[in-house]
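The block underneath contains the structure these notes are about, expressed in structure tokens.
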Amino acid sequence: MTRKAILTIDGKSIELPILQGSCGPEVIDIRNLHQETGLFSYDPGFTSTASCASAITYIDGDKGILLYRGYPVQQLVDNCDFLDTAYLLIHGEIPGVSEKEKFERSISSHTMVHEQLRSFFQGFRRDAHPMAIMVGIVGALSAFYHDSLDIDDVEQREIATHRLIAKMPTIAAMAFNYCRGRPLPYPQNGLSYAQNFLKMMFSLPSESYQVNPIVARAIDRIFILHADHEQNASTSTVRLAGSSRANPFACIASGIAALWGPAHGGANEAVLAMLRQIGTKDKIPEFIEKAKNKNDPFRLMGFGHRVYKNYDPRARIMRKSCHEVLEQLGIHDPLLEIAIELEKIALEDPYFIEKKLYPNVDFYSGIIFSALEIPPSMFTVIFSVARTVGWVAQWNEMMADPAQKIGRPRQLYLGHPERKFMRPS
Ligand code: ACO
């Protein structure tokens, strides 16, 4: 029997069904709240509100668990590559050999971008942030692929999905090279997804380039760890844009815009800047004090998370990977030592313990990226390449959901009541 919550307002009671997910907290269904009471609920930042039902990703923030379609992310990192993970997130199951081959073939057949799109890059200043280029170019894909814009056609949705997954690394590598004044690269489909991305990023027409397998594995792992994270700000943005029946390329461009912010995907860039600002281990206590000071806007970047009130499982994998990659590449980075010491001091500090602030995925990823010679401005771009898989999986799930409606939050209005027009003298 469905449990019910009773809400009593001015002596009148209404019953609200309590819905049960397969895991995690139960959810009070307030869809009839306004109809039955004339009232809205108020929840800025959605701290207590489930905006949709989803079967893709599950996070237990208290235990520090992240599951993609039921599989712990660590198991996927150990046993899969990124395209396995992409298939899993989109289709719900790990692909078999022939499904994987078919999926890979389809993705590699879409890696190039329309030749005319290449000229769009010339419109950007060379010192543009590559995320600015990503927002523009990915949105512009809508102008080139008219045969995958019909969102009611399942086949067209699938083509758009594959196009987005396939073209994101190409566009990201083009943005990177454009900002460096280098020729825009072309993909090479014989390579794996991660290898192809690295080749497009770093190879030059004048020199031969061999992808370092350690680097390719590290990038692939980063892609898996960033592939989806249920209803975060950028995914919710994609869903909200999609709920108005906007085309998939426009929806993903909106996700990229939301991801750019330093409170979300931009944090890894901010972590590295913070570690450089700290500079030496002896300065750490000073920055910890700044982070704790209510009157100082400084926050410990890469720390804290809306959902994780425990160690972010992705940060744990990233921390281990960081040590491995630096060791394998023979790199000594003093920033890693600062990060380890900063983490240690913060995790023993009552402020961080009380507020349950732990390192998140961004805390160590910047150090790995630096070891792979990827500049900070590209960190969020790489995040967006990986997260595109989550965005399209969530968008597809939403499009197939019969309960889907346009997203239209209400508000608590605090402005003027109606008043008569009067120009100030
Ligand atoms: N440093 C210092 N204090 C912090 C930090 C931090 N990094 N994060 C949260 N707090 C404090 C807040 O000041 C607040 O204190 P109060 O209760 O005394 O007011 C309390 O902890 C709760 O913080 P909120 O901002 O209310 O928590 P919220 O869930 O809204 O924010 C967020 C989560 C945005 C991630 C926040 O922890 C933060 O700004 N972290 C730094 C940026 C960052 O690393 N972002 C990456 C997130 S992971 C991702 O997007 C991939």
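Nothing fancy with the numbering, it's 1 onward along the sequence. Remember, it's 1-based here, ligands and their atoms both numbered in the order they're listed.
- In this structure, atom 17 (O) of ligand 1 has protein heavy atoms in its sub-4.0 angstrom surroundings.
- A cation-pi arrangement is absent between K356 and Y358, since the terminal nitrogen or guanidinium carbon is not both under 6.0 Å from the aromatic centre and inside a 45° cone about the axis.
- Atom 35 (C) of ligand 1 has its closest protein heavy atom at G304 O, 3.6 Å.
- For ligand 1, none of its N or O atoms has an N or O atom of V361 under 3.5 Å away.
- Of all the atoms in ligand 1, the ones that sit under 4.0 Å from a non-hydrogen atom of K294 are 15 (O), 16 (P), 18 (O), 19 (O).
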- Test log, rule side-chain contact (heavy atoms from CB on, under 4.5 Å), inputs Y186 and T111: CA-CA 9 Å; Y186 284 97; T111 49; over 6 Å; no
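- Note that atom 22 (C) of ligand 1 has no protein non-hydrogen atoms nearby, at separations under 4.0 angstrom.
- Taking atom 48 (S) of ligand 1 as the reference point, the nearest protein heavy-atom neighbour is H305 CD2, 3.6 Å.
- Heavy-atom proximity to Y351, at under 4.0 Å, picks out these atoms of ligand 1: 2 (C), 3 (N), 4 (C), 11 (C), 13 (O).
- Ring centroid separation for the pair F144 and F120 comes in under the 6.0 Å cut-off.
- Residue N360 has at least one nitrogen or oxygen atom sitting less than 3.5 Å from a nitrogen or oxygen atom of ligand 1, judged on distance alone.
- Protein heavy atom nearest atom 51 (C) of ligand 1, with residue, atom name and distance: D362 OD2, 3.5 Å.
- For atom 27 (O) of ligand 1, no protein heavy-atom neighbour is present inside the 4.0 Å cut-off.
- At least one N/O-N/O distance between R306 and ligand 1 falls below 3.5 Å.
- Among protein heavy atoms, atom 1 (N) of ligand 1 sits closest to L300 N, 3.1 Å.
- Interface atoms of ligand 1 facing F383, defined by a heavy-atom separation under 4.0 Å, are 51 (C).
- Counting heavy atoms closer than 4.0 Å to ligand 1, residue L357 contributes side-chain atoms (C-beta onward) but none from N, CA, C or O.
- In terms of protein heavy-atom proximity, atom 12 (C) of ligand 1 is closest to R299 NH2, 3.2 Å.
- Distance from atom 43 (C) of ligand 1 to its nearest protein heavy atom, with residue and atom name: A267 CB, 3.5 Å.
- Comment: E324 does not engage R217 in a salt bridge, judged by the lack of any side-chain N to carboxylate O separation of less than 4.0 angstrom.
- Taking only nitrogen or oxygen atoms, main chain and side chain alike, M301 does not reach within less than 3.5 Å of ligand 1.
- Some N or O of K355 is nearer than 3.5 Å to an N or O of ligand 1, by distance alone.
- Heavy-atom distances between F298 and ligand 1 stay at or above 4.0 Å for every pair.
- Using a 4.0 Å cutoff on heavy atoms, K292 does not count as a contact of ligand 1.
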